[in-house]
Amino acid sequence: MYKEGITFVVPAYNTENTIQRTLDSILGQTDSRYEIVIVNDGSTDGTEYICKSYESAYPERICYVYQDNRGLGGARNHGMRLARREYVSFLDSDDWLMAGYVEAVMTQLEKKRGRLPEIILTLPQIYDENCKEIQEWYDAALFRKIFKEEGQVVDPQEDDRLFFSDVNQCRKLLRMDFVDQTCFRFREQVKWEDICPHFFLLSKCRSCMGIGNAGFYYRKGNDNQITASRGRDRLDLLIVFEELLEYMGSPNLSHMQTERMIYPVMYIFISFSMECIRMSDTNTREKLVKELSAFFQAVPGRWYRKFRKECKKHCTKKEQIRYQVFQTVIRHKGFNRWLYDYLYQAAAETFIKKVICTAGRGKERYGTARKLSVQEKQS
């Protein structure tokens with residue numbers, strides 16, 4: 001049995017400069033129904049000293065453990081095993097909670113006693129380290145469309161839009177009974193470990209609550225973030241993609257579930273790949289492009305057709321062309337080598353874009369001519 005409230009799992013790796021703010025933001029909450037599990041993932045700086053001092057000062061609130069480095073996924077898994085509250089929340093040690101987070105969540109849960117949601121989706125905000133400004137979260141507009149009322153519960157099996165929500169796992173609270181039931185664990189020793197869990201958890205979930213006035217501040221512009229890495233870490237994206245592709249073919253998913261997830265999964269494959277190539281250094285870029293090319297060639301052809309069909313409904317013309325250009329370039333050996341170099345990439349994309357646009361105009365002219373021909377025959 002889990003106690004009422006939230007377990008905050010805080011993985012810590014060489015974060016002596018930021019973790020105090022993280023812990024203080026939890027300890028300063030207005031509702032006391034929480035506990036903190038700090039997992040020191042093999043830090044070599046002063047992180048251990050800081051964490052132990054907090055544990056000594058708040059023994060009834062904080063559980064501190066040390067482990068050899070197993071990555072963010074490994075630290076989260078360790079923390080989940082120690083969770084004693086009904087819900088678990090993950091908070092990275094360079095981010096911090098909004099004031100009133102616990103109170104906002106518990107207030108909504110009190111209204112749902114007897115039918116607690118399996119997942120709670122919160123709405124974080126972005127703190128830009130460079131300009132020192134607070135910005136809206138990436139999917140704030142989508143969040144407000146899905147959850148029109150505070151505390152509204154939606155079934156992901158009936159509302160596909162949830163699969164398009166940002167994959168960040170720190171903005172989700174998971175009911176521990178749901179975690180145990182699904183045997184959920186993060187993949188360890190890889191970056192981008194949030195991608196596959198996003199689809200796995202939502203595909204299993206039947207009740208997802210949205211709370212827009214609870215969240216955390218995500219620190220953007222930190223050199224230690226995954227998004228700041230430009231080297232071989234970027235190749236982990238292939239491991240994550242292959243895991244998700246394998247899950248999509250799992251017998252645990254119904255045919256209907258698979259069909260509904262193809263579009264959002266393809267969107268993740270394409271958008272993350274485009275960004276990852278753009279941000280990788282020249283030493284990593286060529287290998288990354290080659291491996292992504294092989295991966296995209298292994299993706300079923302009907303997935304591309306479904307993606308293009310759905311894009312026409314939901315994307316702007318500019319976005320449609322952008323995605324189509326990438327699909328063409330990454331799968332074509334004669335073109336994808338242009339992605340090896342930043343300068344050639346722009347030229348390749350411009351060339352393919354012209355071909356696509358020209359073909360599109362040709363189809364439009366053909367369609368117009370055919371319509372006129374039919375009208376003449378009818379008259």
Query raised in the report: With sequence neighbours excluded, what pairs up with Met98 under the side chain to side chain contact (heavy atoms under 4.5 Å, CB included) test?
Result: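 For Met98 the side chain to side chain contact (heavy atoms under 4.5 Å, CB included) partners, ignoring immediate neighbours, are Gln125, Tyr217.
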**Report entry** Geometric class of the Phe269/Phe296 ring pair [parallel <30°, tilted 30-60°, perpendicular >60°]
**Finding:**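 Phe296 and Phe269: perpendicular rings.
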Query raised in the report: Centre of Tyr34's six-membered ring, under 6.0 Å away, within 45 degrees of the axis: is that where NZ or CZ of Arg61 sits?
Result: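 Relative to the ring axis of Tyr34, which defines the angle, Arg61 lies inside both limits.
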Query raised in the report: Can any side-chain N or O of Asp92 pair as donor or acceptor with the backbone N or O of Asp95 at less than 3.5 Å?
Result: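 No, because the side chain of Asp92 does not come within donor-acceptor range (under 3.5 Å) of the backbone of Asp95.
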Query raised in the report: For Asn168, does its backbone N or O pair with a side-chain atom of Asp194 as donor and acceptor, under 3.5 Å?
Result: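 Pair absent, no side-chain N/O of Asp194 close to backbone of Asn168.
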same_hphob_cluster([X], [Y]) at 4.5 Å side-chain heavy-atom cutoff:
X: Phe326; Y: Tyr267; result: yes
X: Phe216; Y: Trp96; result: no
X: Leu27; Y: Ile50; result: yes
X: Ile62; Y: Met80; result: yes
X: Phe143; Y: Leu202; result: yes

**Report entry** Nearest-0.5 Å distance, CG of residue Asp233 to NZ of residue Lys191
**Finding:**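 Going from the CG atom of Asp233 to the NZ atom of Lys191 covers 5.0 Å.
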Report task. May I have the step-by-step check of salt bridge (charged side-chain N to carboxylate O under 4.0 Å, His left out) for Lys313 and Glu310, ending in yes or no? Result -> CA-CA 5 Å; Lys313 299 177 186 175; Glu310 294 298 322; 3.5 Å; yes
Query - Ring centers of Tyr263, Phe164 separated by less than 6.0 Å - result: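 Yes, the ring centres sit under 6.0 Å apart.
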Within the 3.5 Å criterion, strictly below it, is a donor on [X] or [Y] matched to an acceptor on the partner's side chain?
X: Tyr218; Y: Asp166; answer: no
X: Tyr54; Y: Asp24; answer: yes
X: Tyr247; Y: Ser203; answer: yes

Report task. Just jot down the salt bridge (charged side-chain N to carboxylate O under 4.0 Å, His left out) partners of Asp128, sequence neighbours excluded, or say none. Result ->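 Scan of Asp128 (salt bridge (charged side-chain N to carboxylate O under 4.0 Å, His left out), adjacent residues dropped) gives none.
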Query raised in the report: Going through the checks in order, is the side chain to side chain donor-acceptor pair (under 3.5 Å) test met by Thr122 and Tyr101?
Result: CA-CA 9 Å; Thr122 64; Tyr101 177 104; 4.7 Å; no
Report task. Sequence neighbours left out, what passes side-chain hydrogen bond (donor to acceptor under 3.5 Å, both in side chains) with Glu242? Give chain and number order. Result ->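 So Glu242 forms no side-chain hydrogen bond (donor to acceptor under 3.5 Å, both in side chains) with any residue.
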Requested in this report: Could you please spell out the steps behind the salt bridge (charged side-chain N to carboxylate O under 4.0 Å, His left out) verdict for Asp139 and Arg171?
Outcome: CA-CA 11 Å; Asp139 66 358; Arg171 56 98 55 101; 2.9 Å; yes
